[in-house]
Amino acid sequence: MAETKDALTGLDRYEEFLRKLELEIEKMDGYRIAIIYTDIKHFKYINDTYGYKRGDALLKEFAYQVTANNPYMLCAARVYSDNIVMAGRMVDGRTNSDFRDIIHKRNLELEGFLRDKYLDRRLKMCTGISIISQDDPKLDPETAVSNANLARKVAKELDDDNCILFDRKMMEGIKREVEITSYLSTAIEKGEFKVYYQPKIETSTLKVIGAEALIRWQKPDGKFIFPDEFIPLIERSGQIVEVDYFVYREVFKFLAQRIQENKEVVPISVNVSRVHLHKMGILDYVKSLFEEYKIPSDLVEFELTESIYIENTEKALELVEGLHKLGTKVSMDDFGSGYSSLNLLSKLPIDIIKLDKVFLKESTLQENDKIIISCVIEMARKLRITSLCEGVETIEQSDYLAQIGCEIQQGYYFSKPIPQAEFEKFMSESLQSKAEHKN
Ligand code: C2E
Ligand code: CA
Ligand code: CA
């Protein structure tokens, strides 16, 4: 007969647990069953620091504490490693969220106990709960467990809550994530991704002196999926590297073609995801693009957000230096959008500072914002860093920026991000009309 118990913890094996749970669901009569899926955050740290013996002892204790002396428990198993799942009968009259509160409190107690015993303050329980009730369309055991596991993953990402109830919205979020990440490569192949260009305007002449390349994903039905929706997902999966490389190649291709046709060219900036800092293949890739397309190196610029510099100053510096060696300029994007980093500005060899659009949130600038913007621009000038303001939407904002000496402007007032052909037209048309309008 196949072994039904887990040798280490004495709990059921997962297959046995599912079998028992199925029977429990069939027997269910007027009550609910809660699936409680828990793991220990930083468990690996115990194994690595104190050895496997200590890790095993902790797991045994954990399994015991979670399941022992619990009159409501129906069955429990170790799914793998430090993941333990338990099914329990829910006492009537208690709401799902009351129940969550009880488990939450128990987790805190257990955490305290295990922390004292195993001398590790970082130990933390993460629990997801899903509830099977009779009014639900019949839920199979595996789905119920996977729902609880999903809620556990959400709990693990949060700092201050270690116990989360599953709800349907989580499912939709995950479905969307899977939809996007599994289809991404195909979407690139099918040409659903396009690079749009948003012109950058020189304040003193009101001429186009560059553009930012921004990715656009247009589905065959014409609908756009915007970067703010899909980029966080593909950053998590690592696929942003593929998308960024696609953008870089398109930009190089575009510039090389214009040069070949003897047309005017302006520097184009591209965005660099934080994910590149993990592998740093980006430098070789960019180098190979310069070799392949043979365009002058000052025609491409790289934008790294302020948060990248703050999170990982050393790696960011390495990347900036690598890009400088290739002859390209580097900017600090979204400056002022997070915790600011004035001290970093003096330390990092940045060429351009892009003030985030938060400073221009009101069409008429507030006095306080004016003070900050003008000081940052003054500081940039003294540090010999080019200043650029993003998100310029009104003539008032644009005039104010001119008054305080902001060198470059970018925003809807001049143009939204537009397809390549439109940008080429934009470049060739004189901005005279705008200049006249302003005078
Ligand atoms: P970002 O780098 O800060 O890009 C500027 C964003 O501001 C763009 O949004 C642009 O359309 C928007 N914008 C420009 N002018 C105005 C304005 O006057 N008013 C307002 N309200 N918004 C304006 P988009 O294209 O939706 O991109 C959002 C973010 O997604 C970008 O922020 C960037 O962080 C990321 N992103 C876009 N394309 C790429 C890419 O190819 N690679 C990477 N890694 N990230 C990208
Ligand atoms: Ca940018
Ligand atoms: Ca920006």
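Quantities reported herein were computed from a predicted structural model and do not represent experimental measurements. Counting convention: from 1, in listed order, for ligands and their atoms alike.
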Practice task
Can you confirm whether something in the protein, heavy atoms only, sits under 4.0 Å from atom 9 (O) of ligand 1?
Solution key: no
Practice task
Using a 4.0 Å heavy-atom threshold (strictly under), name the region of Leu214 that reaches ligand 1: side chain, backbone, both or neither.
Solution key: both
Practice task
Provide the number and element of each atom of ligand 1 under 4.0 Å from a heavy atom of Val247.
Solution key: 41 (O)
Practice task
Below 4.0 angstrom from a heavy atom of Pro417, which ligand 1 atoms are there? Numbered from 1 as shown, please.
Solution key: 11 (O)
Practice task
Compute both the distance and the angle, then confirm whether Lys370 meets the cation-pi test with Tyr400: under 6.0 Å from the six-membered ring centre, within 45 degrees of the axis.
Solution key: yes
Exercise for the section: Classify the contact between Thr305 and ligand 1 as side chain, backbone, both or neither, using a heavy-atom distance cut-off of under 4.0 Å. Expected result: neither
Problem - atom 30 (O) of ligand 1: the protein heavy-atom neighbour that sits closest, reported with distance to 0.1 Å - result: Pro227 CB, 3.4 Å
Practice task
Run the salt-bridge test on Lys200 and Glu301 with the 4.0 Å N-O cut-off and return the result as yes or no.
Solution key: yes
Completion exercise
Within 4.0 Å of some non-hydrogen atom of Glu212, the atoms of ligand 1 are 2 (O), 4 (O)
Completion exercise
Near the Ca ion (ligand 3), meaning under 3.0 Å, the protein N/O/S atoms are Asp333 OD1, Asp334 OD1, Glu390 OE1, Glu390 OE2
Handout entry: Atoms of ligand 1 close to Arg216 [distance to a heavy atom under 4.0 angstrom, numbered from 1]
Key = 11 (O), 24 (P), 25 (O)
Practice task
Would you check whether Glu390 reaches within less than 4.0 Å of ligand 1, judged by its heavy atoms?
Solution key: yes
Exercise for the section: Specify which N/O/S atom of Glu212 comes nearest to the Ca ion (ligand 2), by atom name. Expected result: OE2
Practice task
For ligand 1, find out whether one of its N or O atoms is nearer than 3.5 Å to an N or O atom of Gln410.
Solution key: no
Practice task
Decide, yes or no, whether a salt bridge links Lys315 with Glu318 under the criterion of side-chain N to carboxylate O below 4.0 Å.
Solution key: yes
Practice task
Establish whether atom 34 (O) of ligand 1 and some protein heavy atom are separated by less than 4.0 angstrom.
Solution key: no
Handout entry: Check ion pair Lys357-Glu390 (N to O, under 4.0 angstrom)
Key = no
Fill in the blank from the handout: Looking at Tyr196, Tyr248, Tyr412, Trp217, the heavy atom closest to atom 18 (O) of ligand 1 belongs to Tyr412
Handout entry: Residues Asp82, Lys44: salt bridge by 4.0 Å N-O rule
Key = no
Practice task
Tell me whether the guanidinium CZ or amine NZ of Arg216 lies under 6.0 angstrom from the six-membered ring centre of Tyr196 and within 45° of its axis.
Solution key: yes
Completion exercise
Of Ile231, Val195, Asp244, the residue with the heavy atom nearest atom 42 (N) of ligand 1 is Asp244
Exercise for the section: Heavy-atom distances under 4.0 Å are what count here, so tell me which part of Asp334 touches ligand 1: side chain, backbone, both or neither. Expected result: side chain
Problem - Heavy-atom neighbours of Lys219 NZ exceed 12 at 6.0 Å - result: yes
Practice task
Select one of side chain, backbone, both or neither to describe which atoms of Ser273 lie under 4.0 Å from any atom of ligand 1, heavy atoms only.
Solution key: both
Handout entry: Gly411 neighbourhood, listing ligand 1 atoms whose heavy-atom distance to it stays under 4.0 Å
Key = 15 (N), 18 (O)
Problem - Side chain proximity check, Val300 to Pro267, heavy atoms < 4.5 angstrom - result: no
Fill in the blank from the handout: The residue among Tyr412, Phe414, Phe423 that forms side-chain contact (heavy atoms from CB on, under 4.5 Å) with Gln198 is Tyr412
Practice task
Take the angle between the ring planes of Tyr248 and Tyr245 and call it parallel below 30°, perpendicular above 60°, tilted in between.
Solution key: tilted
Practice task
Taking only Lys NZ, Arg NE, NH1 and NH2, and the carboxylate oxygens of Asp or Glu, determine whether Glu292 and Arg249 approach each other closer than 4.0 Å.
Solution key: yes
Handout entry: Other residues, nucleotides, ligands: >12 heavy atoms within 6.0 Å of Lys329 NZ
Key = no
Exercise for the section: Taking the side chain as every heavy atom from C-beta outward, state whether Ser297 and Phe290 have any pair of such atoms under 4.5 Å apart. Expected result: yes
Practice task
Measure centre to centre between the rings of Trp217 and Phe230, then say whether the value is under 6.0 Å.
Solution key: yes
Handout entry: Contact check, side chains of Gln397 and Gln409, non-hydrogen atoms, under 4.5 Å
Key = no
Problem - Short N-O contact, Glu378 and Arg381, less than 4.0 angstrom - result: yes
Fill in the blank from the handout: Under 4.0 Å between heavy atoms, the region of Asp228 that gets near ligand 1 turns out to be side chain
Exercise for the section: Before signing off on this row, confirm whether Tyr413 and ligand 1 have an N or O atom pair separated by under 3.5 Å. Expected result: no
Practice task
Would you mind listing which atoms of ligand 1 come within a distance below 4.0 Å of any non-hydrogen atom of Gln198?
Solution key: 14 (C), 15 (N)
Fill in the blank from the handout: ligand 1 atoms nearer than 4.0 angstrom to some heavy atom of Val392 are 18 (O)
Handout entry: Contact check: Lys357 vs ligand 1, nitrogen or oxygen atoms, below 3.5 angstrom
Key = yes
Practice task
Determine, using ring centers only, whether Tyr80 and Tyr14 are less than 6.0 Å apart.
Solution key: no
Problem - Min N/O separation Ile215 to ligand 1 under 3.5 Å - result: yes
Fill in the blank from the handout: Here the atoms of ligand 1 under 4.0 Å from any heavy atom belonging to Glu393 are 17 (C), 18 (O), 19 (N), 20 (C), 21 (N)
Practice task
Compute the ring centroids of Tyr197 and Phe254, then answer whether they are less than 6.0 Å apart.
Solution key: yes
